[in-house]
There are 2 protein chains.
Amino acid sequence: MTEAQQPGFSRCNNATLRRAARRLGRFYDDALGTSGLKSTQFGLLFQIHVSGEPAMGAIAEALIMDLSALGHTLKPLIRDGYVETFADKDDRRIKRVRLTPQGQAKLDEAIKLWSAAQRQFEDMVGAKQAAKLRATLDEVAALDFEMATAAPSI
Amino acid sequence: MTEAQQPGFSRCNNATLRRAARRLGRFYDDALGTSGLKSTQFGLLFQIHVSGEPAMGAIAEALIMDLSALGHTLKPLIRDGYVETFADKDDRRIKRVRLTPQGQAKLDEAIKLWSAAQRQFEDMVGAKQAAKLRATLDEVAALDFEMATAAPSI
DNA sequence: TTCAATTAGTGGCATATGCCACTTTCGGCG
DNA sequence: CGCCGAAAGTGGCATATGCCACTAATTGAA
C-alpha cells in the first residue's frame with residue numbers, strides 16, 4: 001500500500017505519454033480551429049503532401065497507424081473534398097492517395113496556423129528542448145518490441 | 001517549396017507525440033491483452049485506485065481529459081462491473097467513483113502485466129532516460145497555453 | 001498453368017476523446 | 001426568500017484508432 005504513489009502516479013510511460021498527447025492535441029486543435037481541420041487531419045494531409053501520391057499502406061506505416069484506422073480517418077477528408085484516391089497502375093490491390101487542389105489550399109491555410117502554434121510551443125519549452133523531445137519520441141516510435149512474454153517459436 | 005521536408009517531417013511536436021503514443025499504446029495494450037483491459041482503461045482504474053473515491057471532475061483534471069470524455073470512457077468499465085459511482089453526500093451535483101472488488105482484483109491482475117511491459121520498455125530505453133522522458137512529458141502536460149492568437153480582452 | 005500463401009484494403013464493432021447544448025444543484029445577492 | 005450565474009454531469013454527434021473477418025489481387029511454387 002505504501003506504493004500508493006504521489007498525486008501524479010506518472011510512473012507509467014504510456015499513461016504519461018497519452019496525457020501529454022491529450023494536452024498538446026487540444027492546443028494544436030485550437031490553433032487550427034478556424035481552418036476546420038483537426039491536428040490529426042492536418043498531420044495526415046501533410047504526410048500525403050510530402051509523400052508522392054503514397055499508397056495507403058505507406059502512409060499507415062509512416063504514421064505508425066493501423067491500415068484500417070487510416071482508412072476510417074481518411075473518409076471525412078475525402079468527403080470534404082480534400083483528398084482523393086486512385087488505383088495504382090501496376091498493382092490493382094494498391095490504392096494511392098493525393099490531395100485535391102482544395103486539399104492543397106486547405107493545407108497551405110492550415111500550415112500558417114500550425115506554424116504559429118508550433119512557434120508558440122517552442123517559445124515556451126525552447127526549440128532545442130522541443131527538438132530533443134521529438135528525437136526521443138521518434139526513438140520510442142522506432143522501438144522494436146519483440147515479444148518476451150511468449151517463448152520464441154522456431 | 002524547398003521546405004518540403006525530409007521523409008520524416010517529424011517537425012510537428014504534436015504529430016510526433018501522437019505517433020509515439022500510437023506505438024507505445026499498442027505495446028502496452030498487447031501486454032495487458034490477457035487481462036482484457038486496454039492500457040487506457042488500466043490507467044483510468046489506476047487513477048481511481050490511487051485517488052480516494054474521486055469525483056469525476058477530479059479524475060478528468062488529473063488525467064487532463066474532457067469531463068464528458070471521461071464519462072464515456074467510464075461506461076464500459078461500469079458495465080463490466082469494475083467501477084461504480086455514487087453521489088456525494090454534501091453536493092448532489094458531484095458523482096464519485098470507486099473500484100468494485102472485481103475492479104480491484106482486475107487492477108491487481110493488470111498491474112502484474114503492466115509491470116512486465118514497463119520493465120521491458122525501460123530495459124530498452126533505459127530507466128533514467130524513461131524517467132527523463134516522463135518528466136518532460138509532464139512539463140508539456142502542465143504548460144499553460146494562454147492564447148496569443150487573439151488580442152487580450154479587458 | 002493452377003493453387004496455396006501473401007499482400008492491400010474494406011467493413012463492422014468497440015473504445016477513446018472532444019465539443020456543444022442542456023439539466024440539475026449550489027452559492028451568493030438583493 | 002427568490003433569482004442569477006457558476007459548477008458538475010449527461011447525451012448526442014463526430015473524429016480517432018484498433019482488431020478481426022473477409023475479399024480481391026499478386027506472387028511463388030509444383
Side-chain angles (χ1 to χ4, degrees), chain A residues 14-15 17-30 32-33 36-45 47 54-61 63-80 82-83 85-97, chain B residues 14-15 17-30 32-33 36-45 47 54-61 63-80 82-83 85-97:
Chain A
N14 183 51
L17 191 51
R18 294 190 75 93
R19 215 172 79 109
R22 281 190 291 268
R23 183 88 175 107
L24 202 58
R26 277 203 257 181
F27 172 59
Y28 276 83
D29 276 350
D30 287 347
L32 290 171
L37 292 177
K38 310 294 219 59
S39 60
T40 344
Q41 302 180 313
F42 169 72
L44 184 47
L45 289 187
Q47 182 65 41
M56 293 198 44
I59 302 174
E61 189 176 357
L63 299 181
I64 308 186
M65 284 182 74
D66 182 88
L67 179 58
S68 76
L70 171 63
H72 301 149
T73 305
L74 229 33
K75 276 181 190 163
L77 294 173
I78 293 174
R79 179 202 59 200
D80 296 340
Y82 297 145
V83 160
T85 60
F86 59 101
D88 181 272
K89 286 303 173 196
D90 306 313
D91 191 333
R92 271 185 296 173
R93 287 173 303 179
I94 296 178
K95 190 198 274 190
R96 294 187 174 284
V97 185
Chain B
N14 183 51
L17 192 49
R18 295 190 75 92
R19 214 172 81 109
R22 282 190 291 267
R23 183 87 174 105
L24 202 57
R26 277 203 256 181
F27 172 59
Y28 276 83
D29 277 350
D30 287 348
L32 290 170
L37 293 177
K38 309 296 218 60
S39 60
T40 342
Q41 303 181 312
F42 169 73
L44 184 47
L45 289 186
Q47 182 65 41
M56 293 199 43
I59 302 174
E61 189 175 356
L63 298 182
I64 308 186
M65 281 182 76
D66 181 89
L67 179 57
S68 76
L70 172 62
H72 301 150
T73 306
L74 228 34
K75 276 181 189 165
L77 295 173
I78 294 175
R79 178 201 60 199
D80 296 341
Y82 297 145
V83 160
T85 61
F86 58 101
D88 182 272
K89 287 301 174 197
D90 306 312
D91 191 333
R92 271 185 295 173
R93 287 173 302 179
I94 295 179
K95 190 199 276 190
R96 293 188 174 282
V97 185

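Computed from a predicted model, the values in this text were never measured in an experiment.
Contact between B:Leu77 and B:Leu44 at its shortest, heavy atoms only, is CD1-CD2, 3.8 Å. Residue A:Gln47 comes nearest to A:Leu63 through the heavy atom pair OE1-CD2, 3.7 Å, listed as atom of the first residue, atom of the second, then distance. For A:Ser39 against A:Gly25, the heavy-atom pair with the smallest separation is OG-O, 4.0 Å. When all heavy atoms of A:Leu32 and A:Phe42 are compared, the pair lying nearest together is CD1-CB, 3.6 Å. Scanning all heavy atoms of the two residues, the minimum distance from A:Asp88 to A:Asp91 falls at OD1-N, 2.9 Å. Smallest separation of non-hydrogen atoms from B:Arg18 and A:Thr40: NE-CG2, 3.9 Å.
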Can you give me the N/O atom pairs linking the protein to nucleotides 22-25 of chain D at distances under 3.5 Å, or say none if there are none?
none

Close N/O contacts between protein and nucleotides 14-16 of chain C (under 3.5 Å):
from   : atom 1 : to      : atom 2 : distance (Å)
C:dT15 : OP1    : B:Arg79 : NH1    : 3.1
C:dT15 : OP1    : B:Arg79 : NH2    : 2.8
C:dA16 : O3'    : A:Arg18 : NH2    : 3.3

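Distance A:Leu70 CG to C:dA8 C1': 12 Å, rounded to the nearest Å. Atom CZ in B:Arg19 sits roughly 18 Å away from atom C1' in D:dG18 (whole-Å rounding). Put simply, CG on B:Asp66 is 17 Å from P on D:dC13, counting in whole angstrom units. Rounded to whole Å, atom P of C:dG9 lies 14 Å from atom NZ of A:Lys75. Rounded to whole Å, atom P of D:dG9 lies 11 Å from atom CD of B:Glu61. If you measure from atom CG of B:Asp88 to atom C1' of D:dA7, you get 13 Å, rounded to the nearest angstrom.
Scored by the side chain to side chain donor-acceptor pair (under 3.5 Å) test, A:Tyr82 finds no partners at all (sequence neighbours excluded). B:Ile78 meets the side chain to side chain contact (heavy atoms under 4.5 Å, CB included) test with B:Leu74, B:Val83, B:Thr85; sequence neighbours excluded.
Side-chain proximity of A:Ser68 to D:dC19, C:dG9, C:dG18: nearest is D:dC19. Of the listed nucleotides (D:dG9, C:dT10, C:dG9), C:dG9 has the atom at the smallest distance from the side chain of A:Ala55. Among D:dG9, C:dA8, C:dT17, the nucleotide with an atom closest to any side-chain atom of B:Met56 is D:dG9.
A 4.5 Å side-chain heavy-atom check between B:Asn14 and A:Asp29 finds every atom pair outside the cut-off.
Taking CZ of A:Arg26 as the start and CG of A:Asp30 as the end, the distance is 8.5 Å to the nearest 0.5 Å.
No contact: B:Leu44 has no heavy atom under 4.0 Å from any strand. Counting non-hydrogen atoms under 4.0 angstrom, A:Leu67 reaches a base of the nucleic acid. Residue-level contact check: A:Gly71 touches neither bases nor backbone, having no heavy atom under 4.0 Å from any strand.
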Donor-acceptor list for residues 65-73 of chain A side chains, cut-off 3.5 Å, not counting sequence neighbours:
from    : atom 1 : to      : atom 2 : distance (Å)
A:Asp66 : OD2    : A:Ser68 : N      : 2.8
A:Asp66 : OD2    : A:Ser68 : OG     : 2.6
A:Asp66 : OD2    : A:Ala69 : N      : 3.3
A:His72 : ND1    : A:Ser68 : O      : 3.3
A:Thr73 : OG1    : A:Ala69 : O      : 2.8

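Taking the C1' atoms of five terminal pairs at each end of the helix from C:dT1-D:dA30 to C:dG30-D:dC1, the two resulting helix axes are inclined by 0°, rounded to 10°.
Between A:Arg26 and the phosphate of C:dC19, there is a side-chain N or O to OP1/OP2 separation shorter than 4.0 Å.
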